[in-house]
Every structure is written in C-alpha cells, then in structure tokens.
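Residue numbers start from 1 in every chain, and the chains themselves are labelled A, B, ... in the order their sequence lines are given, proteins ahead of strands. Please read these numbers as outputs of a predicted model, since none were measured by experiment. Heavy-atom basis, side chains included; hydrogens, waters and symmetry copies ignored.
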Amino acid sequence: MIGDTTLETKNVADLSHLRAQFPILSETVHGKPLVFLDSAASAQKPDAVIDAMSTMMRTQYANIHRGLHWMSERATEAYEVARSRVATLLGANAREEIVFTRNSTEAINLVAYSFGSLLKPGQAVLISEMEHHSNIVPWQLLRDRVGVELRVAPVTDDGDLDIEAYGDQLSDGKVALVAITHMSNVLGTVTPARRLADMAHAAGAKILFDGSQAVVHRRVDVRALDADFYVFTGHKLYGPSGIGALWARRELLEEMPPFMGGGDMISTVTFEHSTWAPPPAKFEAGTPAIVEAVGLGAAIDWVEGVGFDAISAHEAALTAHALRVLPEVPGLKIVGRPADRGGVVSFTMEDVHPHDIATLLDRNGIAVRAGHHCAEPLMRRLGLNATARASFGVYTTEAEITVLAETLARIRSFFV
Amino acid sequence: MIGDTTLETKNVADLSHLRAQFPILSETVHGKPLVFLDSAASAQKPDAVIDAMSTMMRTQYANIHRGLHWMSERATEAYEVARSRVATLLGANAREEIVFTRNSTEAINLVAYSFGSLLKPGQAVLISEMEHHSNIVPWQLLRDRVGVELRVAPVTDDGDLDIEAYGDQLSDGKVALVAITHMSNVLGTVTPARRLADMAHAAGAKILFDGSQAVVHRRVDVRALDADFYVFTGHKLYGPSGIGALWARRELLEEMPPFMGGGDMISTVTFEHSTWAPPPAKFEAGTPAIVEAVGLGAAIDWVEGVGFDAISAHEAALTAHALRVLPEVPGLKIVGRPADRGGVVSFTMEDVHPHDIATLLDRNGIAVRAGHHCAEPLMRRLGLNATARASFGVYTTEAEITVLAETLARIRSFFV
Amino acid sequence: MDGDSLYDTLIVRRAREPRHAGELADATVKAAGNNPLCGDRIALGVRVDGDRIAAARHVTKGCAICAASADLMAGSIEGRTLSEALDMAGRFHHMLGNGSPVELDDLPESMAAFLPLKTHRSRLRCATLPWTALEEALGHD
Amino acid sequence: MDGDSLYDTLIVRRAREPRHAGELADATVKAAGNNPLCGDRIALGVRVDGDRIAAARHVTKGCAICAASADLMAGSIEGRTLSEALDMAGRFHHMLGNGSPVELDDLPESMAAFLPLKTHRSRLRCATLPWTALEEALGHD
Ligand SMILES: Cc1ncc(COP(=O)(O)O)c(C=O)c1O
Ligand SMILES: Cc1ncc(COP(=O)(O)O)c(C=O)c1O
C-alpha cells in the first residue's frame with residue numbers, strides 16, 4: 001500500500017492542493033507552523049464543509065419538517081439529502097436506517113437506552129478491553145439500570161482482540177449484544193469485524209460497531225460486515241462538531257422504543273398516550289442539528305471526492321513511515337503491534353512523561369494528544385498511565401512525521 | 001411600550017442596519033422578497049454568529065478538554081467562555097450550573113431521565129395543557145418507566161394558565177416536579193413564572209421552565225424567577241442549530257445521576273465501576289457541539305448588544321400592530337387573548353384551511369407556520385386542527401406585518 | 001392571485017363547491033385516508049359494478065388541495081374500470097413524483113392543476129391522499 | 001530547546017534529581033494529591049514543630065512539572081511558619097491565576113519558572129497539585 005498509490009507520492013502537488021483546502025493548516029502556533037497530528041481526537045475542516053454551513057445559514061435556513069414555506073422545504077430537503085449521503089457512505093439499504101445524533105457517544109447511549117430496555121436480567125452485553133469510555137460507560141449504566149451482565153473480551157499483548165476469549169464469552173448464548181470498536185483510538189488496531197459479527201450472530205447476539213475511528217480511514221460497508229448497529233461521529237470525518245449518526249437495521253429501529261420524547265418523533269399526542277413516527281424520525285426528537293447535518297453531508301462528499309482508496313493508501317504509507325522513524329528516537333517505544341492497523345500511533349518515551357512530551361511538542365507547533373485517551377481500562381491492561389499519540393489525517397505529510405521524530409529526539413536529549 | 005421606545009420607531013435606520021446583519025433577509029422566494037415570519041420555529045442568524053463559527057473552524061479548531069496543545073486549549077477556552085455567556089444570560093450563580101445540550105428537547109429529556117430516576121411511584125409530575133410536545137412526551141416516557149403520575153393543569157378560554165386549577169393540582173403535595181412553559185409557542189402566552197414557582201415550592205415541588213420561546217423575547221433571570229431548572233434552545237435565539245442549554249441549581253446537578261455515559265463525563269473508569277466528574281461535565285458525555293456552543297456565545301453577545309429592553313419593546317410594538325391589523329382581515333380570528341404575551345400570533349381564517357394560508361403566503365414570499373405547532377393537546381383544547389402562526393424576530397418590521405395582513409385579505413377574497 | 005397557478009380557480013372552486021361530495025349509501029367499497037401531520041381526513045365510498053366503478057363519493061375535511069383532489073378524483077374515476085382507475089392513481093403519483101416529465105395523456109387535463117406541487121413537496125400528500133385511499137379501497141376489494 | 005522557557009533547566013533538573021524526595025518517617029502531617037485526568041500523584045509528608053515546618057518531603061509520580069513543583073515547594077517551605085507557607089501557596093496560585101501581574105517578591109525566584117504555564121492552562125494543575133496538597137495537609141492540621 002506504500003509507495004506510488006499514496007496521495008502524496010502519486011502527486012505531491014495533490015497533497016498541497018488538498019492541504020490548501022484546510023485554512024487552519026496555514027496557522028502558526030507559538031511562532032511555528034502548525035503540525036496537526038491530533039486528527040483522531042477531531043479532524044480539521046475543509047473549506048467545503050465550512051462553506052456549506054455558512055451558505056446554508058446565509059441563504060437557505062429555516063427549521064425543517066412541518067414547515068410549509070420555501071425556506072423550510074429547502075432546509076428539509078438539504079437535511080434529508082445529508083441523511084442519504086450517510087446511508088451511501090455506510091452502504092446502508094435505505095436512508096431511513098440512518099438516525100442523526102450529536103456524536104458517537106449519543107448514538108451508543110441511544111442504543112443502550114432503547115435497545116437496552118428490551119434486555120432482561122440473565123442476558124449479557126459483551127464489550128472489549130480496548131473500548132473508548134463511550135463504549136463502556138453506557139453499558140455500565142445499562143447494567144445498573146436493567147441488571148444485565150457486562151462482559152469484557154481481553155486484548156492480547158500485541159493489542160489485538162483475543163479472538164478465542166471472545167468466542168468463549170459468547171459460548172453460553174447469554175450475550176444479547178456485542179458492542180465493540182471497529183478501530184482502536186489508542187492502538188490503531190482494526191478489528192476483524194466480519195468475523196466478529198459472524199461469531200456474534202452464531203451465538204444469537206446482535207453486534208454494534210463503534211466506527212468512530214474506522215469510518216475515517218477505510219470504506220465501511222455495513223452489509224458486507226453484516227453489522228446490526230454502526231455508529232460514527234462527524235467531527236472526526238472532517239465534518240462539523242455536534243453531528244454523528246447511528247445506522248441500524250430497519251427491523252431493529254422499528255422494534256426499539258423511542259429514546260427521547262419531543263417534537264417530530266410523534267405520530268399523535270394525547271396526554272394519555274402518544275404514538276410514534278416511523279424511524280428514523282422516532283429517534284430524532286426536537287430540532288436536530290440541521291446545519292451540522294448538511295455540513296456532514298458536505299464532508300462526506302468531500303471525502304468521497306478524495307476517495308477511500310487514496311485515503312487508506314495515504315494513511316498506510318504515513319503509518320509505515322511513522323513506524324519506521326519513531327522507533328529510531330532514543331527511548332521511544334511504540335505501544336501495540338496489532339495485525340491490522342490504521343493511522344494512529346501511541347508511544348511512550350523513557351524518562352519523559354507523555355504530558356511533558358505533548359507540551360514540549362506543542363511549543364514546537366506540533367499537536368499530539370497525551371493521556372489515557374478515554375480508554376483507562378486499556379491503559380491499565382497495558383500497565384500505563386498515559387501515552388502520547390500521533391494520529392494522521394488526509395492532510396498529514398511524511399515530512400510532518402519526520403519533524404515529529406526529530407523533535408522527539410531533541411526533547412529526549414533535553415531530559416537525560 | 002409601543003411608540004418611541006421601539007427599535008423601529010426610535011430610529012428606522014437602526015432596524016435596516018440590524019437587518020443588514022442577517023444575510024438571508026435579502027433573499028427572494030418565488031421572486032418576492034423574503035418576509036420571514038417564522039422566527040418562533042427557528043430564528044435567522046446574524047453575520048456575527050456565522051462568522052464566529054467559520055472563524056473558529058478556519059483558525060482555532062480542535063477537540064476540547066484533555067488536549068494539551070494550543071489549538072485544544074484555545075478551543076476549550078472558547079467553549080467555556082460560551083458557557084459563561086449562557087450563565088450570564090440566565091442570571092445563573094455559576095457557569096458550572098450550565099449544561100450544554102442539543103436543544104430544549106434534549107435538556108428536558110435529560111431532566112426526565114436523570115432527575116426523573118430519583119422519583120417514585122406515588123409522586124407526580126405536573127405539566128400544563130399548553131405545552132409543546134417536547135415538554136409532554138418526555139414525561140409520558142418517564143411515567144411509563146417509573147410509574148409516576150402525569151398531571152395536567154388546564155388553560156382558560158383566553159389561553160392563560162388556570163391558576164386556581166394549577167393550585168388544586170399541587171394541593172395534595174404529591175407533585176415532585178412542575179414542568180411548564182415560560183411562553184407558549186402557539187398563543188404567545190407568557191406564564192406568571194415567579195408565582196408558579198412560589199406555588200410549586202410551597203407544595204414541595206421543584207419547577208422546570210421551558211424557556212424556548214421566553215428567552216428570546218425577554219430578559220430571564222432564573223434567580224428572580226426562583227426556578228429550579230430552566231431550558232432553552234440556541235437556534236431560536238439567533239444562534240446555531242445543534243446547541244441548547246439546561247440550567248439547574250448546583251445542588252440538583254450534584255444529586256442527579258448522569259444521563260449519558262462516555263468520554264469527558266467520568267472521573268475514573270474501571271469495568272466494575274466508574275465515578276463521575278463534577279457537573280456540568282457529568283452531563284456532557286462525548287465530544288460536544290464545540291463550534292455551535294461558540295456560535296451560541298456569539299449569538300448571546302449579539303442579542304445583549306441589541307439589548308433586551310429594545311428587543312421586548314420592539315416585539316411588543318410589532319405584536320400590538322399585528323393585533324390591530326390582522327383582525328381587520330375578513331374572516332380572520334386571532335387564537336387566544338392571554339393577559340401577558342410575546343411576539344407570536346396564531347390565527348385562523350374562515351373558509352381557508354391554515355395549510356392553504358401558509359402555502360399561498362409562501363407563494364408571496366411570506367413564511368409563516370401552519371399546523372399543530374407540536375402542541376396537539378392544546379389544539380384539541382381549542383377545538384382546532386391547526387392554526388396559522390406568524391412570529392416575530394428582532395429583524396421583523398411593522399411593514400412586513402402590514403404586508404401579511406394585506407396578503408391574507410387577498411387570499412381570503414380568492415376563496416369566498 | 002399574484003400569478004398563482006397552484007390555487008388554480010379549478011382547485012378553489014372544487015374545494016368550495018364539490019360535485020362528488022357526500023356519503024354513498026350503496027357503496028360496495030369504503031376507505032379512509034388520514035394525514036396526521038395536518039389533520040386532513042377523507043372518507044371514500046365507491047360502488048363497484050362488475051369491473052367498473054359505477055359511482056364514487058367522498059367526505060373530505062381538510063385543505064383545499066386535498067378537497068379538490070378528492071372531488072376531481074371521484075369525478076374522473078366514475079365509469080372507469082378498476083384497472084383503469086388504478087392506472088390513473090399510478091399516473092397521478094408519478095406526475096407529482098421526482099421522476100421525468102410526464103405525459104398527462106391518460107389523466108384528465110384538470111389534474112395538471114396540481115403540477116405546481118412539485119415545488120411544494122410538503123403539500124404533496126394533500127393531493128395524493130385521496131388516490132392513496134382509492135388504491136387501498138380497491139386493493140382491499 | 002527552541003527557546004523554551006517553560007522547561008527551564010531548573011524544572012527538568014529538579015524533576016530528574018529531586019532534592020526533597022522520599023518518605024518523611026516522622027511526619028506529623030500527610031496529604032495526597034491526585035489528578036485523575038493525567039495520573040499525577042503526590043504523597044506529601046510534613047513535620048511541624050510548633051508553628052514552623054521543620055521538614056517536608058514528597059513522593060511524586062507524574063510529569064516533570066508536577067515533580068519539579070513538588071520538589072521546589074518542599075525546599076521552599078522548610079523553615080517557614082505555617083502561615084508563611086500557606087501564604088506562599090496562595091501566592092503561587094495567584095501567580096498562575098487569571099489575575100493581574102504578580103509581584104513574585106515573596107515567592108522564591110525559582111517559582112518564576114512556572115510562569116509560562118499561564119499560556120498552557122491544561123497543565124496548570126500539574127504545578128499547583130503539590131500546593132493544593134499542602135493546603136489540605138495544613139488545613140487538616
Ligand atoms: C415552547 C417550546 N418548547 C420546546 C421547543 C423545542 O425546541 P427544540 O426543538 O429546539 O428542542 C420549542 C420549539 O420548537 C418550543 O417552542
Ligand atoms: C473509538 C472511539 N469511540 C468513541 C469516540 C467518541 O466520539 P464522540 O466523542 O464524538 O462521541 C471516540 C472519539 O473520541 C473514539 O475514538
């Protein structure tokens with residue numbers, strides 16, 4: 001995947017043309033050019049997204065649904081077109097299978113509250129040891145509410161899911177739902193999603209994928225994965241904050257009770273009894289993030305324009321480069337060696353605390369994240385308090401990773 | 001309040017200067033200049049808001065919290081400054097009392113799930129007959145979940161809350177929470193909030209105000225109202241979609257369990273047990289609507305710049321004008337005659353269905369809403385299926401209302 | 001009204017003075033249409049004779065577009081065979097759908113009055129409600 | 001390092017080679033500081049003699065800023081009265097607070113090394129954690 005298929009090596013001009021579409025990349029930080037290696041936390045936004053949002057607010061804004069006037073009809077149409085974009089992105093059967101949420105976190109909580117309310121004591125939810133807090137805490141809250149069991153599939157020392165143990169956890173047939181990441185935000189591990197789905201289904205469980213990271217790096221096809229639920233968050237996909245999505249099989253959405261109550265999710269309301277609109281409206285109570293949905297649609301268009309083949313090749317090349325140059329930094333250890341990985345690399349450096357690494361990199365204009373990355377249990381499993389993490393976006397260059405490595409070497413020399 | 005204190009009559013240039021800040025107002029619809037009389041559904045956005053959002057995405061965006069780098073620190077600061085703006089807007093004691101939500105609907109659902117989980121069968125929630133579905137359905141879902149009773153205080157024929165009946169509903173001391181609108185989105189009724197709060201407290205109940213409409217039209221002071229919870233939605237306050245807020249007394253937020261689980265709302269996470277961050281973080285799971293919060297902060301700044309005295313005087317003048325000219329339209333009936341009202345006027349017209357009114361107005365460039373306005377029970381109480389509704393914003397002119405009346409007269413003549 | 005072709009005088013007149021309104025005492029098929037969003041409601045009665053629609057009547061409570069559509073529909077299906085009527089329903093939906101321009105050949109000319117709805121999609125259901133009720137009625141036959 | 005005054009050699013040196021690290025066997029007051037966000041942890045032992053701090057030691061597991069702050073604090077409070085030490089804590093917080101420029105008069109000059117944290121607010125708690133632990137220790141005295 002490395003070499004002439006990457007965005008960069010294919011045509012360097014392409015990447016600078018592409019970078020020019022992200023206004024923030026020409027900012028300086030502490031007098032140095034910004035080197036933004038924190039895209040896994042949240043990606044930067046291309047002009048296409050920023051402009052789609054401002055244009056909507058400048059020329060075509062109104063509340064959607066139930067509005068009989070032109071502005072409202074146009075806004076409704078734009079919002080629903082964005083829904084179709086998401087459906088296409090994920091390979092969904094129908095746009096009605098897409099529910100807009102604020103982010104991945106809300107999407108998972110929606111499933112935990114709504115699908116979760118159909119579970120009974122004696123049943124179990126199975127997660128993994130490498131989940132983000134967003135895919136742990138909602139299930140703990142569900143456990144405490146409903147009395148289901150919460151099971152955890154371990155990860156190997158390399159940072160892969162322990163498939164055998166996963167199978168064992170499923171074997172008694174009590175697991176009603178598997179909720180597992182499609183790509184780890186700490187280790188970069190891409191999980192063998194289709195295999196996990198097959199094993200879950202064979203054991204009578206549904207499966208939810210946390211696609212927050214995966215959807216950014218590869219083409220996802222929920223039908224090819226045979227998933228039941230898939231969630232992602234817009235702001236990591238070069239889209240706006242405040243918008244994310246849940247995809248679920250239509251039958252599931254039909255079966256599930258509403259999560260929140262309010263405008264737009266009802267069919268009729270009397271004080272005694274209300275009836276619900278069909279999905280997805282049933283799950284979208286109140287005025288949604290209209291402009292943000294449209295921004296997400298623009299982000300998806302933009303990403304599809306670049307193309308997932310190019311994106312994954314580019315990120316594979318960047319990751320390979322990082323895995324080559326970073327270990328040359330004295331004292332630096334890469335955390336995790338997963339079999340299949342995306343553009344996220346965690347590391348530690350002897351004698352230098354990850355927070356000091358992050359601050360000193362920042363003073364050189366380089367943005368990385370340091371800490372537990374909202375994955376405390378994984379940190380504990382790895383015997384770490386914190387790591388530093390560099391993560392790559394479509395606009396990241398090999399040169400930036402080289403600068404990272406050089407700066408890390410200088411930081412380290414400063415401390416020993 | 002009508003006359004020389006209005007924005008418009010004080011200085012007509014002021015209003016055109018102000019209108020010039022709303023780019024959408026120079027759009028045309030079906031070849032006619034847009035007359036936007038649907039602000040109660042969602043208000044248009046001034047440049048200040050649109051620009052604050054794009055500028056952030058162009059120059060200073062990153063995920064907030066836990067980011068040790070410059071972009072993240074700046075974004076975090078901007079987000080927290082926005083929280084302070086909301087606190088000041090509502091007269092809150094502390095910024096920690098403000099929880100960002102997607103909208104009013106989510107804020108009410110948050111209270112219904114979280115505070116609601118502390119309620120027991122035998123206790124009751126009291127709402128009114130003029131609530132928006134957003135302040136009905138969450139309590140129905142709570143009733144069905146927890147087994148509390150849902151009581152409804154009636155409205156009078158004029159469209160005011162029946163205070164005596166409200167007192168009766170409270171009298172047995174079973175009501176744990178009153179959830180009531182501060183201003184009706186159908187009738188414009190402004191409820192006597194402080195009095196309702198005093199009565200609720202005397203009966204041992206907490207009180208939540210749905211301020212979705214009120215906060216746009218008047219200065220709200222949650223301490224002066226002696227409220228316990230107050231919710232509003234950003235998009236009606238000239239702010240972005242996708243952002244709203246819950247204010248609650250600090251003790252209540254501390255007592256209440258989390259609503260959603262995920263990143264940023266925890267203190268520590270183990271698989272067995274997690275502990276929560278202090279409010280407001282406890283209630284803000286996952287990456288929030290960062291840019292939208294900043295946009296809301298800009299909207300509040302902008303509104304405070306215009307000034308609530310000017311805004312309420314202007315809207316009072318517009319409403320008085322509407323109540324003068326609309327009844328002159330043959331067959332037109334204003335719905336509701338509340339004692340105290342804001343800039344929202346519902347009406348019907350003999351022989352013309354409200355939907356036909358809305359569509360025909362739209363073909364003349366005039367945007368109004370028609371339907372049940374997400375308040376079906378109120379419609380039923382009024383013996384109506386639907387009304388047409390004109391609602392006014394800070395940019396609305398008397399001339400636009402005059403055009404509305406003239407056009408309605410022509411529509412009516414067309415039908416009889 | 002300001003060059004407004006949507007509220008064609010035909011639509012307004014038919015809404016105000018319907019020609020096919022009322023209950024059909026000897027209806028052989030009945031159906032109800034209901035749009036909870038706007039409260040439009042239609043009760044349709046059809047008398048089928050062999051494979052032909054001998055009579056059609058409607059009671060409509062709703063907006064002018066719905067009322068006129070119901071009345072024009074009732075008028076245009078009388079005397080048609082069931083399959084002709086269902087065909088007309090399909091054409092009506094198609095006319096207002098997202099698709100290509102439609103030949104109105106096999107629809108009564110009056111139906112063109114609803115064409116401007118293509119740019120008022122929120123009102124589409126007002127016009128199609130009677131036809132959907134008809135399809136349901138005949139489908140259940 | 002690229003003109004970096006934050007990681008002043010003083011801070012790095014003190015983090016690497018602390019002078020006041022370790023357990024204080026005869027501590028009269030102990031306190032623990034803990035920043036769950038980043039895992040910084042400090043255990044503070046103080047021996048109070050009359051109204052004076054006779055000795056102070058810390059065991060710090062955390063970043064350089066926290067470790068250096070703990071060590072510089074321990075060194076600078078030894079020999080001070082309790083109220084002087086609390087006063088220093090107050091000044092330290094104030095120095096890094098949002099307020100007006102501070103006279104560092106009554107703080108050891110070394111403390112100025114932390115001033116650049118004013119533009120790294122996410123790291124503030126690393127520096128103030130030891131002082132907060134001290135305040136807690138003496139408050140609980
Ligand atoms: C009185 C009232 N309450 C609640 C809402 C719901 O607001 P949102 O849809 O932004 O949650 C609205 C607006 O639709 C309203 O007018
Ligand atoms: C794997 C994973 N899951 C879930 C999330 C939560 O995303 P959000 O905060 O947008 O809900 C993130 C990002 O923080 C993530 O990396």
Intermediate values then yes/no, side chain to side chain contact (heavy atoms under 4.5 Å, CB included), Met71(A) and Val29(B): CA-CA 8 Å; Met71(A) 285 290 168; Val29(B) 165; 4.2 Å; yes
Would Thr287(A) and Arg102(B) count as a side chain to side chain contact (heavy atoms under 4.5 Å, CB included) if you check the C-alpha gap in whole Å, the side-chain angles of each, and the deciding distance to 0.1 Å? CA-CA 8 Å; Thr287(A) 304; Arg102(B) 176 173 35 246; over 6 Å; no
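With sequence neighbours excluded, the residues satisfying side-chain contact (heavy atoms from CB on, under 4.5 Å) with Val35(A) are Leu37(A), Ile366(A), Glu400(A).
Both the backbone and the side chain of Val269(B) come within less than 4.5 Å of a heavy atom of chain A. Phe259(B) touches chain A through backbone and side chain together, each having a heavy atom under 4.5 Å away. Only the side chain of Met53(B) comes within contact range of chain A, with at least one heavy atom under 4.5 Å from a heavy atom of that chain. Residue Arg145(B): no heavy atom, backbone or side chain, is found under 4.5 Å from chain A. Using a 4.5 Å cut-off between heavy atoms, His273(B) contacts chain A through its backbone alone, with no side-chain atom that close. In this structure, the portion of Ile127(A) lying under 4.5 Å from any heavy atom of chain B is its side chain and not its backbone. If you measure heavy-atom distances from Pro288(B) to chain A, the contacts under 4.5 Å come from the backbone alone. There is no contact between Leu361(A) and chain B, counting heavy-atom distances below 4.5 Å. Neither the backbone nor the side chain of Arg74(B) comes within contact range of chain A; no heavy atom of the residue lies under 4.5 Å from a heavy atom of that chain. Looking at Ser212(A), neither its backbone nor its side chain comes within 4.5 Å of chain B, counting heavy atoms on both sides. Contact annotation for Leu68(B): both backbone and side-chain heavy atoms come within less than 4.5 Å of a heavy atom of chain A. For Gln60(B), the part sitting under 4.5 Å from any heavy atom of chain A is the backbone (N, CA, C, O) and nothing else.
Using modelled atom types, one finds no donor on one side chain facing an acceptor on the other under 3.5 Å when comparing Thr268(B) with Glu376(A). Side chain to side chain, Glu27(B) and Thr59(A) fail the donor-acceptor criterion of an N or O pair below 3.5 Å.
Counting only heavy atoms from C-beta outward, the side chains of Thr270(B) and Pro377(A) never approach each other to under 4.5 Å.
Annotation: the span from Asp362(A) atom CG to Ser72(B) atom OG amounts to 9.5 Å, rounded to 0.5 Å.
No donor-acceptor pair under 3.5 Å is formed between the side chain of Asn109(A) and the backbone N or O of Met260(B). A donor-acceptor contact shorter than 3.5 Å links the side chain of Asn63(B) to the backbone of Ala41(A).
Contact count versus chain B (heavy atoms, under 4.5 Å) is highest, among Ala358(A), Ser104(A), Ala367(A), Gly365(A), for Ala367(A). Of the listed residues (Glu272(A), Glu131(A), Met265(A)), the greatest number of heavy-atom pairs within a distance under 4.5 Å of chain B belongs to Glu272(A). Contact count against chain B (heavy-atom pairs under 4.5 Å) is highest for Asn103(A) among Asn103(A), Asn135(A), Val368(A).
The shortest heavy-atom contact between Ile290(A) and Ser241(B) is N-OG, 3.4 Å. Minimum heavy-atom separation, Gly262(B) to Pro138(A): N-CD, 4.5 Å.
Between His69(A) and Phe36(B), the angle of the ring planes goes over 60°, which puts this pair in the perpendicular group of the 30/60° scheme. The aromatic rings of His30(A) and Trp70(B) stand perpendicular to each other, their planes meeting at an angle above 60°, with 30° marking the opposite boundary.
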I'd like a table of donor-acceptor pairs (distance under 3.5 Å, sequence neighbours excluded) in which one partner is a side-chain atom from residues 44-51 of chain B, with atom names and distances.
from, atom 1, to, atom 2, distance (Å)
Gln44(B), NE2, Tyr61(A), O, 2.8
Lys45(B), NZ, Ala43(B), O, 2.7
Lys45(B), NZ, His235(B), O, 3.0
Lys45(B), NZ, Gly239(B), O, 2.7
Asp47(B), OD1, Arg58(A), NH1, 3.2

